[in-house]
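In what follows, a single structure is set out as structure tokens and then discussed.
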Amino acid sequence: MARDYILLSFIGMDILFVVAGGILIIFALMIESKSSDEMTVDTVSRNLLLLICPAKAAIGNAVLIFITFLASVPAMVIPSTRGWLKLHGYMTTICALFTMILGLSIWFQTLKTRTNLFTIWLAQTAETQSLLQQEFNCCGYMNATTPPFIVDTTCRNSLVAANLGGCVGPFSSFANNFLDMVFTGAFGIVGVDVILIIMTAILLKDRKEKERYRHIDEKNGTGAF
């Protein structure tokens, strides 16, 4: 029996699709886990940035991806079905839009990084602000006086604080690089979704053609295609 390369290609992309869902849920659960971790010099900036990522929405998106994958199983098992395939295509489109919205929401954060980080900075305790100062070797946010720096091993006095400058530059640079990586990953998943949608459309067209030829053969009395 000849191999159905269109179906095999669809199955391959469908597997990548569900793997992407797995990556999403692992990332979301990591956010949930890290949010309760104790802040240290090495983790404080990363943990604060993870808190602004939409973890619950990512979990919801991952669950939708898994349900969509399950809807594709009948389409893979039953060679002639098109109804399940169409349902899978519609659900994949919803998944792609969902993931794109998540990626765009994070991308919008990068357009106003300094303002957002200032809000985050003000919401932190003196201990957390001190950890950020130690991590980025800086004092205060905008500068040593806006808001006032926290006296610690990095910022021992006003003179040292004035010379080191504020944390806005290094903190913003770190945040942009981190968030760029996150939304690029989200858009990469959208790319997988789009390819899967295209493969679904190709498989639908292929099955429709085979069904048409089968009907022609049945009319001619030569059997199924």
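Positions are given from 1, in the same order as the sequence printed here.
- Legend: residues meeting side chain to side chain donor-acceptor pair (under 3.5 Å) with Ser45, ordered by chain and number and at least two apart, are Glu135.
- The line from CE of Met91 to CD1 of Ile197 is 12.5 Å long, rounded to the nearest 0.5 Å.
- Distance check: Asn47 CG to Thr128 OG1 gives 10.0 Å after rounding to the nearest 0.5 Å.
- Remark: Thr153 pairs with no residue by the side chain to side chain donor-acceptor pair (under 3.5 Å) rule, at least two apart or across chains.
- Two different hydrophobic clusters hold Ile150 and Leu159 under the rule that ILVMFWY side chains link at heavy-atom gaps under 4.5 Å.
- We find the OG1-NZ distance between Thr119 and Lys112 to be 9.5 Å, quoted to the nearest 0.5 Å.
- Within the model, atoms CG of Leu102 and CH2 of Trp107 stand 15.5 Å from one another, a figure rounded to the nearest 0.5 Å.
- Phe174 and Met39 fall within the same hydrophobic cluster, where Ile, Leu, Val, Met, Phe, Trp and Tyr residues are linked whenever their side-chain heavy atoms come under 4.5 Å apart, directly or through other members.
- Separation of atoms CZ (Phe69) and CE (Met76) is listed at 4.5 Å; rounding is to 0.5 Å.
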Give the table of side-chain donor-acceptor pairs shorter than 3.5 Å for residues 176-191, with sequence neighbours excluded, one pair per line with atom names and distance.
from   : atom 1 : to     : atom 2 : distance (Å)
Asn176 : OD1    : Thr113 : OG1    : 2.6
Asn176 : ND2    : Ser172 : O      : 3.3
Asn177 : ND2    : Ser173 : O      : 3.3
Thr184 : OG1    : Asp180 : O      : 2.6

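- A donor-acceptor pair shorter than 3.5 Å cannot be found between the side chains of Asp42 and Thr40.
- What you find for Gln133 and Cys155 is that their closest heavy atoms are NE2-SG, 3.7 Å.
- In this structure, Leu24 CG and Cys95 SG are separated by 9.5 Å, a value rounded to the nearest 0.5 Å.
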Let me have the donor-acceptor pairs involving side chains of residues 48-68, under 3.5 Å, with sequence neighbours excluded, atom names and distances please.
from  : atom 1 : to    : atom 2 : distance (Å)
Asn61 : ND2    : Thr99 : OG1    : 2.6
Thr68 : OG1    : Leu64 : O      : 2.8

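- Every pair tested for side-chain hydrogen bond (donor to acceptor under 3.5 Å, both in side chains) that includes a residue from residues 18-29 fails, sequence neighbours excluded, so the list is empty.
- Residues satisfying the side chain to side chain donor-acceptor pair (under 3.5 Å) criterion with Thr110, sequence neighbours excluded, are absent altogether.
- In this structure, the side chain of Tyr141 engages the main chain of Arg114 through a donor-acceptor pair within 3.5 Å.
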Can you give each donor-acceptor pair under 3.5 Å made by side-chain atoms of residues 5-20, sequence neighbours left out, with the distance rounded to 0.1 Å?
from  : atom 1 : to    : atom 2 : distance (Å)
Ser9  : OG     : Tyr5  : O      : 2.8
Asp14 : OD1    : His88 : NE2    : 3.2
Asp14 : OD2    : Ser72 : OG     : 2.3

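- Proximity of a side-chain donor or acceptor of Thr146 to a complementary backbone N or O of Asn143 within less than 3.5 Å is not detected.
- With sequence neighbours excluded, the residues forming a disulfide bond (SG atoms under 2.5 Å apart) with Cys138 are Cys167, listed by chain and number.
- Side-chain atoms of Asp206 do not come within 3.5 Å of backbone N or O of Ile202 as any donor-acceptor pair.
- The two residues Pro74 and Ala71 come nearest to each other via the heavy atoms CD-O, 3.4 Å.
- With sequence neighbours left out, the salt bridge (charged side-chain N to carboxylate O under 4.0 Å, His left out) criterion links Glu209 to Arg212.
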>> Apply side chain to side chain contact (heavy atoms under 4.5 Å, CB included) to residues Leu104 and Phe108 and explain how you reach the verdict.
In response: CA-CA 6 Å; Leu104 287 173; Phe108 284 133; 4.3 Å; yes

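- When every heavy atom of Ile78 is checked against every heavy atom of Arg207, the shortest pair comes out as O-NH1, 3.5 Å.
- Placement of Ile25 and Leu70 in two distinct hydrophobic clusters is found when ILVMFWY residues are connected by side-chain heavy-atom separations under 4.5 Å, directly or transitively.
- Looking only at atom types and distance, the side chain of Gln129 has no donor-acceptor partner in the side chain of Thr125 under 3.5 Å away.
- For the ring-ring contact (aromatic ring centres under 6.0 Å, His included) test, no residue two or more places apart in sequence or in another chain qualifies with Phe149.
- Hydrophobic clustering (side-chain heavy atoms under 4.5 Å, transitive across Ile, Leu, Val, Met, Phe, Trp, Tyr) keeps Val73 apart from Tyr90.
- When the side chains of ILVMFWY residues are joined at heavy-atom separations under 4.5 Å, either directly or via intervening members, Met100 and Leu111 end up in a single hydrophobic cluster.
- Residues passing the salt bridge (charged side-chain N to carboxylate O under 4.0 Å, His left out) test with Arg82 are Glu211, sequence neighbours excluded.
- Legend: side-chain hydrogen bond (donor to acceptor under 3.5 Å, both in side chains) pairs involving residues 190-203, not counting sequence neighbours: none detected.
- For Gln124 (side chain) and Ile120 (main-chain N/O), a donor-acceptor pair under 3.5 Å exists by modelled atom type.
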>> Pair Leu204, Lys208 - check side chain to side chain contact (heavy atoms under 4.5 Å, CB included), show working.
In response: CA-CA 6 Å; Leu204 272 169; Lys208 185 177 181 180; over 6 Å; no

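- Shortest non-hydrogen contact noted between Thr81 and Ala75 is CG2-CA, 3.6 Å.
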